[in-house]
Amino acid sequence: MRVLPVWEEWLRRWPEPADLAREPAGEAVRSWGRLGYPRRALRLHAAAVAIGQDHGGKVPADYTELLALPGVGSYTAAAVAAFAFGRRETVVDTNIRRVHARLFSGAALPSPALTAAEMRLAAQLLPDDAGTSVRWNAAVMELGALVCRARAPKCSACPVRDRCSWRAAGEPPPSYVPKGQAWHGTDRQVRGAVMAVLRLADSPVPAEMFQQAPADLGFEPSGTGVPLAALHRLNSAPEQLERALAGLLEDGLAELHQGGYRLPG
DNA sequence: AAATCGTGGCC
DNA sequence: TGGCCAAGATT
């Protein structure tokens, strides 16, 4: 998929956390490219720094220590401990939640928020042997991703279809509708367009460059032409652009330098 | 604790 | 083609 080339280049450049930690955070964001959620790149960099400071440059194998790293929540801490270090951890991602919801609750989808009862169930199902538990976690996750999918599940290919509460109940539809996320015309869209400009810019981008058509400016910083045109095409209201820029500054995804915006140095 | 967050694949 | 959707962390 589209992640693979980015991942390979990332590990080629920064094989160890310390290699990433010595870079400016903006380099991580730039290398992240168009994978989305650029804050994840920022937090990955922050995690690399924390690993150097608190763990001697080695990724900790302990769930609680992983959980303390920036950007690492309960799922990621459990997944890293289990899949990277072979630990017996209760891994619960959205796929596993859906499999459990269907098999045991008879619901088409899990509840909107992860509950303590779900964690108890997953912990109870987890095999005792560490090695087996790792395979169990991977297997249930894959079952959810490939067979017990959110839409168009392939029940005919499911190895546990005969024990599925949801199937036994006649596959009732979801009891709630996942709320869609607006995109066109949102601040989020403007943020994305601004980030695309900043990733390609090799020098700080003055605020006025975001507010005018590139053609009207009579100049362009090298490498920003295409995304700048895309940003202008959005025709965002000035206050919306301001909100997006302010939000990016607040999130640490951009900073002001010599009168312009750039990725964090 | 409900809202926010980027992007591309899919139909 | 364009609307819908994914998915975990943070605040």
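Every chain is numbered from 1, with letters handed out A, B, ... down the list of sequences. Any value given below was found using the heavy atoms of this structure, including those in side chains, with hydrogens, waters and symmetry copies removed. Being a predicted model, the structure only gives us computed values, none of them experimental.
- In this structure, of C/dG8, B/dG8, C/dG3, it is B/dG8 that holds the atom nearest to the side chain of A/Arg34.
- Listed for the A/Arg2 side chain is a donor-acceptor partner under 3.5 Å among the backbone atoms of A/Arg34.
- Counting any heavy atom pair closer than 4.0 Å across all strands shown, A/Arg40 reaches a base atom.
- If you check every strand for non-hydrogen atoms under 4.0 Å, A/Arg97 touches nothing.
- Following rounding to the nearest Å, A/Leu4 (CG) and B/dG8 (P) show an atom-to-atom distance of 16 Å.
- Residue A/Gln181 is in base contact, counting any heavy-atom pair closer than 4.0 Å across all strands shown.
- Using a 4.5 Å cut-off on side-chain heavy atoms (C-beta onward), A/Trp136 and A/Val91 make no contact.
- For C/dA9, the OP1/OP2 oxygens have a side-chain nitrogen or oxygen of A/Thr76 closer than 4.0 Å.
- Rounded to whole Å, the distance from CG on A/Asp251 to C1' on B/dA3 is 13 Å.
- Spacing between B/dG6 and C/dT11 at atom P, rounded to whole Å, works out to 14 Å.
- Here the P atom of nucleotide B/dA3 and the CD atom of A/Glu250 are 19 Å apart, to the nearest Å.
- The interatomic distance linking A/Leu231 (CG) with B/dG6 (P) rounds to 15 Å, in whole Å.
- Set against C/dG3, B/dG6, C/dG8, the side chain of A/Pro38 has B/dG6 as its closest nucleotide.
- When heavy atoms are screened at a 4.0 angstrom cut-off, A/Asp187 is found touching no nucleic acid atom at all.
- For C/dT10, the OP1/OP2 oxygens have no side-chain nitrogen or oxygen of A/Arg39 closer than 4.0 Å.
- One interatomic measurement links the two molecules: CG of A/Asn95 to P of C/dC5, which rounds to 17 Å at whole-angstrom precision.
- The separation between A/Leu109 atom CG and C/dC4 atom C1' is 15 Å, rounded to whole Å.
- You'll find a donor-acceptor pair under 3.5 Å spanning the side chain of A/Arg188 and the base of B/dG6, going by distance alone.
- In the model, A/Arg97 has a side-chain atom that pairs as donor or acceptor with a side-chain atom of A/Ser111 under 3.5 Å.
- When rounded to the nearest whole Å, the span between CE of A/Met195 and P of B/dT7 equals 8 Å.
- Protein atom CE of A/Met119 is 14 Å distant from nucleotide atom C1' of C/dG8, rounded to whole Å.
- Closest approach to the A/Arg2 side chain among B/dG6, C/dA6, B/dG8 is made by B/dG8 (side chain taken as heavy atoms from C-beta onward).
- A/Pro112 comes within 4.0 angstrom of nothing in the nucleic acid, heavy atoms only.
- A/Arg13 and A/Ser31 share a side-chain donor-acceptor pair at under 3.5 Å.
- Partner of A/Leu198 under the side chain to side chain contact (heavy atoms under 4.5 Å, CB included) criterion, out of A/Leu263, A/Val29, A/Leu253: A/Leu263 alone.
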